[in-house]
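Read through the structure below, which is laid out as structure tokens, and then see the notes.
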Amino acid sequence: MSEVAKLRDLSLDELAKKEADLRQEMFNLRFQHATHQLEDTARIRKVRRSIARILTLIKEKAGE
């Protein structure tokens, strides 16, 4: 099952919670990157895209 398929099964509240968690992770990643402590810089891109996927699904579900 793909990441998007798993996310589609979640409710709006669960999606909002996951978005908040990812935004906190993004903050921490940016902080680590600025202090040259981040080894996997690709993780920033992955988290940013995950946030975008969740926002898209929230808008889809809100429109139903």
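Here, residue 1 is the first one in the sequence, and each next residue gets the next number. FYI, side chains are in, hydrogens and waters are out, and symmetry mates aren't considered; it's all heavy atoms of this structure. Bear in mind the structure is a predicted one, so any value in this text is a computation, not a measurement.
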query = For the atom pair CZ (R8) and NZ (K61), what is the distance rounded to the nearest 0.5 Å?
reply = 8.0 Å
Nearest-0.5 Å distance that lies between atom CD in E25 and atom CD1 in I44 = 10.0 Å
Under 3.5 Å, sequence neighbours excluded: what are the donor-acceptor pairs made by side chains of residues 12-22?
| from | atom 1 | to | atom 2 | distance (Å) |
| --- | --- | --- | --- | --- |
| E14 | OE1 | S11 | N | 2.8 |
| E14 | OE1 | S11 | OG | 3.4 |
| K17 | NZ | D21 | OD1 | 3.1 |
| K17 | NZ | D21 | OD2 | 3.3 |
| E19 | OE2 | R23 | NE | 2.9 |
| E19 | OE2 | R23 | NH2 | 3.1 |

key: Any residue meeting side-chain contact (heavy atoms from CB on, under 4.5 Å) with F31, in chain and number order, not counting sequence neighbours   = T35
Donor-acceptor pairs under 3.5 angstrom involving side-chain atoms of residues 48-59: please list them, not counting sequence neighbours.
| from | atom 1 | to | atom 2 | distance (Å) |
| --- | --- | --- | --- | --- |
| S50 | OG | E3 | OE2 | 3.3 |
| S50 | OG | K46 | O | 3.0 |
| T56 | OG1 | A52 | O | 2.9 |

key: Any side-chain heavy-atom pair of T41 and L29 under 4.5 Å   = no
ask   = Looking at side-chain heavy atoms only, is the closest gap between Q32 and E39 below 4.5 Å?
value = no
